[in-house]
Amino acid sequence: VQLQASGGGLVQPGTSLRLSCVGAQGVSSMNVMGWYRQPPGQEREFVATLSSGGYAIYEDPVKGRFTISADGAKNTWYLQMDNLKPEDTAVYYCYGEGISDNYYRTPFRSWGQGTLVTVSS
């Protein structure tokens, strides 16, 4: 299953940005939807995750500033990022676990291609 992430860009500190991720093809349902990021020169790290039941978890540095949400009908999820800080600069990757729409209803785990967010004045 291919995931497509979009919405990155160059923004100033204190502003907002919304990332999107869509399960373009082959998705029957999503169970877990998430976002990770990789700051320059660092390892990939967890940002937020959302279960199909609506339970969300955030890493401490983004709590109160980032919100993960989903549109189940469109197999799409979002990361609303408010009050962005320079330390939020990173390549953001979406992650998803779900069930394929093939005959066997195969479970899948997939990553999106990454979208760059740069927060700078």
Side-chain angles (χ1 to χ4, degrees):
V1 172
Q2 185 178 22
L3 303 182
Q4 296 178 348
S6 62
L10 172 62
V11 297
Q12 293 186 341
T15 61
S16 299
L17 204 60
R18 189 177 82 158
L19 306 181
S20 300
C21 183
V22 58
Q25 292 181 338
V27 177
S28 175
S29 63
M30 298 297 303
N31 297 325
V32 177
M33 296 151 283
W35 291 94
Y36 287 70
R37 65 186 179 184
Q38 186 167 14
Q42 300 183 38
E43 298 293 319
R44 190 176 300 188
E45 62 187 22
F46 169 79
V47 175
T49 189
L50 179 67
S51 73
S52 58
Y55 184 68
I57 301 174
Y58 299 92
E59 67 160 348
D60 286 344
V62 308
K63 285 181 179 178
R65 299 189 298 121
F66 289 12
T67 303
I68 187 170
S69 62
D71 183 338
K74 298 180 180 179
N75 292 322
T76 302
W77 58 103
Y78 309 95
L79 186 67
Q80 177 66 40
M81 305 184 292
D82 298 321
N83 189 23
L84 282 161
K85 303 177 180 181
E87 52 264 41
D88 295 319
T89 295
V91 177
Y92 284 72
Y93 297 89
C94 60
Y95 170 79
E97 297 181 17
I99 304 298
S100 304
D101 66 358
N102 59 29
Y103 177 81
Y104 300 101
R105 291 293 188 262
T106 307
F108 69 87
R109 296 179 178 181
S110 296
W111 290 90
Q113 82 281 11
T115 185
L116 177 63
V117 174
T118 303
V119 184
S120 175
S121 56

Inset, instruction - Identify the two heavy atoms, one from Met33 and one from Ala70, that lie closest to each other, and give their separation to 0.1 Å. - result: SD-CB, 3.7 Å

Inset, instruction - Would you name the heavy atoms of Arg105 and Ile99 that are closest together and state the gap between them? - result: O-CG2, 3.5 Å

Inset, instruction - Could you name each residue pair satisfying salt bridge (Lys or Arg N to Asp or Glu O under 4.0 Å) that touches residues 39-50, not counting sequence neighbours? - result: Arg37-Glu45

Inset, instruction - Quick one: sort the Tyr93 and Trp111 rings into parallel, tilted or perpendicular, breaks at 30° and 60°. - result: perpendicular

Legend entry - Point-to-point distance, once rounded to the nearest 0.5 Å, from CG of Asn75 to OG of Ser29: 8.0 Å

Inset, instruction - To the nearest 0.5 angstrom, please state how far the CD atom of Gln38 sits from the OG1 atom of Thr89. - result: 13.5 Å

Legend entry - Reported CD1-to-CE distance for the pair Ile68 and Met81, which is rounded to 0.5 angstrom: 12.0 Å

Inset, instruction - Sorted by first residue and then second, give each salt bridge (Lys or Arg N to Asp or Glu O under 4.0 Å) pair with at least one member in residues 11-33; sequence neighbours left out. - result: none

Inset, instruction - Output every pair passing disulfide (SG to SG under 2.5 Å) with a member in residues 33-121, not counting sequence neighbours, ordered by first then second residue. - result: Cys21-Cys94

Legend entry - Test side chain to side chain contact (heavy atoms under 4.5 Å, CB included) applied to Thr15 - qualifying residues, sequence neighbours left out: Val11, Gln12

Legend entry - Stepwise side chain to side chain contact (heavy atoms under 4.5 Å, CB included) check, Phe66 with Leu84: CA-CA 9 Å; Phe66 289 12; Leu84 282 161; 3.9 Å; yes

Inset, instruction - Tell me, please, which residues at least two apart from Val1 pass side chain to side chain contact (heavy atoms under 4.5 Å, CB included). - result: Leu3, Val27, Ser100, Phe108, Ser110

Inset, instruction - Under the side-chain hydrogen bond (donor to acceptor under 3.5 Å, both in side chains) rule, collect the residues that match up with Tyr95, sequence neighbours excluded. - result: Glu97

Legend entry - side chain to side chain contact (heavy atoms under 4.5 Å, CB included) partners for Thr67, two or more places apart: Tyr58, Gln80

Legend entry - Set of residues satisfying side-chain hydrogen bond (donor to acceptor under 3.5 Å, both in side chains) with respect to Ser16, sequence neighbours excluded: Asp82

Legend entry - Residues Tyr92, Leu79; criterion side chain to side chain contact (heavy atoms under 4.5 Å, CB included); working and verdict: CA-CA 10 Å; Tyr92 284 72; Leu79 186 67; 4.2 Å; yes

Inset, instruction - Could you tell me which residues satisfy side-chain hydrogen bond (donor to acceptor under 3.5 Å, both in side chains) with Thr106, sequence neighbours excluded, listed by chain and number? - result: Asn102

Legend entry - Under the side chain to side chain contact (heavy atoms under 4.5 Å, CB included) test, residues paired with Tyr55 that sit two or more places apart: Ser51, Ile57

Inset, instruction - Measure the shortest side-chain to side-chain distance between Leu19 and Trp35 over non-hydrogen atoms and say whether it is less than 4.5 angstrom. - result: yes

Legend entry - salt bridge (Lys or Arg N to Asp or Glu O under 4.0 Å) involving Arg65 - partner list, sequence neighbours excluded: Asp88

Listing, residues 113-121 side-chain donor-acceptor contacts under 3.5 Å, not counting sequence neighbours, or none:
| unit_1 | atom_1 | unit_2 | atom_2 | d |
| --- | --- | --- | --- | --- |
| Gln113 | OE1 | Ala5 | N | 3.1 |
| Gln113 | NE2 | Ala5 | O | 2.8 |
| Thr115 | OG1 | Gly8 | N | 3.0 |

